[in-house]
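Along the sequence shown, residues carry numbers from 1.
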Amino acid sequence: MQDLGARLTRRHDQLGLNGADTARRVGMKYQTFKKLLAGRAKGLPRPELLLRLCEALALTPAQALGHAPVPGLDDAAAVPRRALLLARLGAALRRAGPQEFAAARRMLEALYAGDRPAG
């Protein structure tokens with residue numbers, strides 16, 4: 001099983017997230033966040049912090065801890081590109097402010113409307 005820091009680092013990189021932004025979103029100091037990703041943190045994060053990290057990285061706690069596979073991370077060949085793009089979209093929407101979220105929602109609704117069958 002890969003350690004927590006390495007799994008979080010790989011997922012963070014996979015989603016193309018910014019470290020300082022992610023640390024701020026989960027309520028950590030950036031230096032502490034970097035230590036966690038580097039595997040230099042003392043023990044596991046508190047459960048509530050782990051849950052916030054999982055939410056920011058679109059993971060379940062089981063995935064973060066290596067007890068469940070992460071699409072695109074554990075077996076890249078078996079995961080369609082669409083799944084990775086959807087995960088990135090989900091992570092971006094969780095970071096979005098109200099105006100950005102509303103704009104993204106309008107774009108997605110317009111795309112969805114174009115996919116609906118006529119009649």
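Contact check for Leu8 versus Leu59: side-chain heavy atoms found under the 4.5 Å cut-off. At least one side-chain heavy atom of His12 sits under 4.5 Å from a side-chain heavy atom of Phe33.
With respect to the salt-bridge test (charged N to carboxylate O, under 4.0 angstrom), the residues Arg10 and Asp13 do not qualify.
Side-chain atoms of Arg11 come within 3.5 Å of backbone N or O of Ala58 as a donor-acceptor pair. Judged purely by atom type and a 3.5 angstrom limit, Arg52 uses its side chain to pair as donor or acceptor with the backbone of Val26. Gln63 contributes a side-chain N or O that, together with a main-chain N or O of Pro69, makes up a donor-acceptor pair within less than 3.5 Å. In terms of modelled atom types and a separation under 3.5 Å, the side chain of Thr32 and the main chain of Met28 share no donor-acceptor contact.
Rounding to the nearest 0.5 Å gives a distance of 8.5 Å between CZ of Arg94 and CG of Leu57. Atom CG of residue Leu53 and atom CG of residue Leu4 lie 7.5 Å apart, to the nearest 0.5 angstrom.
By the criterion of side-chain heavy atoms lying less than 4.5 angstrom apart, applied directly or through intervening Ile, Leu, Val, Met, Phe, Trp or Tyr residues, Leu17 is grouped together with Leu49 in one hydrophobic cluster. Under the 4.5 Å side-chain heavy-atom criterion for ILVMFWY residues, a single connected hydrophobic cluster contains both Leu15 and Leu65.
By the side-chain contact (heavy atoms from CB on, under 4.5 Å) test, Ala41 pairs with Leu36, sequence neighbours left out. Partners of Glu48 under the side chain to side chain donor-acceptor pair (under 3.5 Å) rule, at least two apart in sequence or in another chain, are Arg46.
Minimum interatomic distance between Cys54 and Ala64 (heavy atoms only, all atoms of both residues): SG-CB, 3.7 Å.
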